[in-house]
Structure formats: structure tokens, C-alpha cells
Amino acid sequence: MVRPEAFGFNAETASTNRFQATPDAATAFAVDAAARARAEVDGTVSVLRGSGLQVCVAADSPEPPKPDAVFPNNWVSFHEDGTVVLYPMRDPSRRRERNEALIDSVKRELGFVERRRYDLTGEERRGRFLEGTGSLVL
């Protein structure tokens with residue numbers, strides 16, 4: 001999981017993400033979206049760990065801002081057989097979320113052993129995108 005620094009409205013991705021509300025439609029909840037998102041991540045981690053599950057939590061960096069960083073499942077997936085898949089992201093702001101340190105944290109903290117990697121990010125240069133598990137049912 002990623003503990004976000006700049007969670008909030010992303011003008012670059014809004015046209016393809018129906019879950020985003022424009023700033024004009026902001027409610028009291030949206031005013032402090034980043035703090036609320038961090039609290040929600042912290043609460044979820046606590047519940048998962050309290051249930052005996054291992055959870056790796058990576059901290060987002062404040063710069064550059066990455067309003068969607070809380071959703072790493074769109075740029076990376078980890079599979080039971082040791083496969084890591086990196087997915088091509090449509091928007092540059094989402095591409096900035098890719099973070100080798102996060103992958104290293106998963107390996108270290110969860111004992112994940114990477115056996116192979118499929119890096120599909122080169123498809124971005126061809127205008128082809130598949131934003132990971134946000135697009136797939138595995």
C-alpha cells in the first residue's frame with residue numbers, strides 16, 4: 001500500500017476517471033482529501049495487520065505531486081509465481097508513480113521473491129496503455 005502525500009483531484013486523469021469530482025463539486029470531504037486518504041490508508045493497514053495479514057506500506061514523496069499514488073495496482077502487480085508486471089500508464093502524472101524502491105520494499109518486507117519481470121511500459125511510446133489491475137480481473 002502507498003501512504004499518499006498529494007492525494008486529490010487530478011485534472012490530467014479526470015476525463016477518464018468517473019470517480020473523480022471536479023474542484024467545483026468539492027464537498028467538505030474533498031477539502032482535505034490528502035489527509036483523509038492518509039488516515040484511511042492507516043486505518044486499513046491497522047485492520048489488515050490486526051487480522052494477521054502482512055502489509056507493506058510505502059511512503060509517497062511530496063515531489064513531484066502524484067495525486068493517484070495510493071493506487072499502485074495500476075502500475076505494478078505481484079503474482080504468486082514470483083512475477084512482477086509493470087504496466088503502461090496513459091498519463092505522465094501516473095507514470096511518475098513508478099518506484100523501484102516500492103518493489104524493493106515488497107521484496108524485503110513481505111519476502112517476495114521476484115523470479116521474472118514483464119515490463120510493458122515501452123508500450124507507452126506506441127500510445128498503448130493497460131493500467132494494471134484497474135483494467136483487469138486476475
Side-chain angles (χ1 to χ4, degrees):
M1 297 184 74
V2 174
R3 190 168 192 275
E5 278 294 320
F7 182 81
F9 179 75
N10 185 344
E12 190 175 61
T13 63
S15 68
T16 60
N17 183 342
R18 69 170 62 177
F19 296 107
Q20 290 195 58
T22 62
D24 297 340
T27 63
F29 175 82
V31 171
D32 199 9
R36 290 179 184 264
R38 284 189 294 276
E40 189 170 326
V41 166
D42 293 344
T44 301
V45 168
S46 179
V47 168
L48 291 171
R49 287 181 173 159
S51 298
L53 297 172
Q54 288 184 295
V55 180
C56 176
V57 181
D60 183 25
S61 61
E63 294 296 328
K66 298 171 288 303
D68 300 302
V70 72
F71 305 111
N73 59 298
N74 292 138
W75 66 264
V76 65
S77 62
F78 300 88
H79 301 262
E80 189 174 7
D81 68 353
T83 300
V84 174
V85 181
L86 300 178
Y87 296 96
M89 303 298 291
R90 181 178 152 255
D91 297 299
S93 65
R94 296 300 314 270
R95 295 174 193 169
R96 290 191 296 266
E97 296 171 33
R98 288 192 200 109
N99 182 343
E100 194 65 32
L102 182 142
I103 295 171
D104 292 341
S105 292
V106 169
K107 292 176 187 178
R108 183 178 57 256
E109 293 179 32
L110 303 180
F112 182 83
V113 177
E114 182 177 349
R115 299 189 195 300
R116 79 179 66 81
R117 183 178 292 204
Y118 294 117
D119 184 347
L120 306 174
T121 61
E123 295 300 320
E124 293 165 350
R125 290 186 299 276
R126 297 183 188 106
R128 296 169 38 166
F129 315 104
L130 175 64
E131 299 188 356
T133 58
S135 303
L136 302 173
V137 177
L138 300 172

Colleague: Could you work out, with ring pair (Phe, Tyr, Trp, His ring centres under 6.0 Å) as the rule, every residue matching Phe112, not counting sequence neighbours?
Modeller: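 Applying ring pair (Phe, Tyr, Trp, His ring centres under 6.0 Å) to Phe112 gives Phe78.
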
Colleague: Considering non-hydrogen atoms only, spot the tightest contact between Ala58 and Leu102 and give its length.
Modeller: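 Reported closest heavy-atom pair: CB-CD1, 3.7 Å.
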
Colleague: Would you check, one step at a time, whether the test salt bridge (Lys or Arg N to Asp or Glu O under 4.0 Å) holds for Arg108 with Glu114?
Modeller: CA-CA 11 Å; Arg108 183 178 57 256; Glu114 182 177 349; over 6 Å; no

Colleague: Taking atom types as modelled and ignoring hydrogens, do the side chains of Ser93 and Arg96 form a donor-acceptor contact shorter than 3.5 angstrom?
Modeller: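 On atom types as modelled, these side chains do not qualify, holding no pair under 3.5 Å.
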
Colleague: Identify the heavy atoms of Leu130 and Tyr87 that sit nearest to each other, and give their distance.
Modeller: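 Closest pair (atom of Leu130, atom of Tyr87, distance): O-CB, 3.1 Å.
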
Colleague: Donor-acceptor pair, distance only, cut-off 3.5 Å: does the side chain of Arg90 make one with the backbone of Arg128?
Modeller: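 Such a contact is absent between Arg90 side chain and Arg128 backbone.
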
Colleague: Quick check: do Arg38 and Pro4 have side-chain heavy atoms less than 4.5 Å from each other?
Modeller: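 The answer is yes, as the side chains (C-beta and beyond) meet within the 4.5 Å cut-off.
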
Colleague: Would the distance check show the side chain of Ser51 and the main-chain N or O of Leu53 forming a donor-acceptor pair, the cut-off being under 3.5 Å?
Modeller: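 Absent.
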
Colleague: Would you say that Phe71 contacts Arg94 through its side chain, given a criterion of any heavy-atom pair below 4.5 Å between the two side chains?
Modeller: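 Contact flag for Phe71/Arg94 side chains = yes.
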
Colleague: Is the side chain of Arg95 donor-acceptor paired with the backbone N or O of Met89 at a distance under 3.5 Å, no angle test?
Modeller: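 Such a contact is found between Arg95 side chain and Met89 backbone.
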
Colleague: Could you walk me through whether Ile103 and Lys107 pass the side chain to side chain contact (heavy atoms under 4.5 Å, CB included) test, one step at a time?
Modeller: CA-CA 6 Å; Ile103 295 171; Lys107 292 176 187 178; 3.8 Å; yes

Colleague: Would you mind checking if Lys66 and Asp60 are paired as a salt bridge, meaning a charged N to carboxylate O distance below 4.0 Å?
Modeller: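 A salt bridge links Asp60 with Lys66.
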
Colleague: For the side chain of Thr83 and the backbone of His79, is there at least one donor-acceptor N/O pair under 3.5 Å apart?
Modeller: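 Here the side-chain-to-backbone pair does not exist.
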
Colleague: Using 4.0 Å as the upper bound for N to carboxylate O, is an ion pair formed by Glu80 and Arg115?
Modeller: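 The answer is no: the pair does not qualify as a salt bridge.
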
Colleague: Among Leu86, Asp68, Val85, whose side-chain contact (heavy atoms from CB on, under 4.5 Å) with Trp75 holds?
Modeller: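 When side-chain contact (heavy atoms from CB on, under 4.5 Å) is applied between Trp75 and each of Leu86, Asp68, Val85, only Leu86 qualifies.
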
Colleague: Same cluster or not: Val84 versus Leu110, using hydrophobic residues (I, L, V, M, F, W, Y) connected whenever any side-chain heavy atoms lie under 4.5 Å apart?
Modeller: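 Yes, one cluster joins them.
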
Colleague: If you apply the rule side chain to side chain contact (heavy atoms under 4.5 Å, CB included), what do you find for Arg98 with Val76, and how did you get there?
Modeller: CA-CA 8 Å; Arg98 288 192 200 109; Val76 65; over 6 Å; no

Colleague: Evaluate whether atom CZ of Arg116 has more than 12 neighbouring non-hydrogen atoms of other residues, nucleotides or ligands under 6.0 angstrom away.
Modeller: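 Check passes, neighbour count above 12.
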
Colleague: Looking only at heavy atoms, which two atoms of Val2 and Val70 are closest? And how far apart?
Modeller: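 The answer is O-CG2, 3.6 Å.
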
Colleague: With no hydrogens and no angle check, is any side-chain donor or acceptor of Asp119 less than 3.5 Å from a backbone partner on Thr121?
Modeller: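 Indeed, once roles are kept as given, a pair shorter than 3.5 Å links the two residues.
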
Colleague: Is Val47 reachable from Met1 through a run of I, L, V, M, F, W or Y residues, each pair having side-chain heavy atoms under 4.5 Å apart?
Modeller: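 Per the 4.5 Å side-chain linkage, Met1 and Val47 are not co-clustered.
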
Colleague: Walk me through it: do Arg49 and Val57 pass the test side chain to side chain contact (heavy atoms under 4.5 Å, CB included)?
Modeller: CA-CA 11 Å; Arg49 287 181 173 159; Val57 181; 3.8 Å; yes

Colleague: For the pair Glu124 and Phe129, evaluate side chain to side chain contact (heavy atoms under 4.5 Å, CB included) and give the outcome as yes or no after the intermediate values.
Modeller: CA-CA 6 Å; Glu124 293 165 350; Phe129 315 104; 4.2 Å; yes

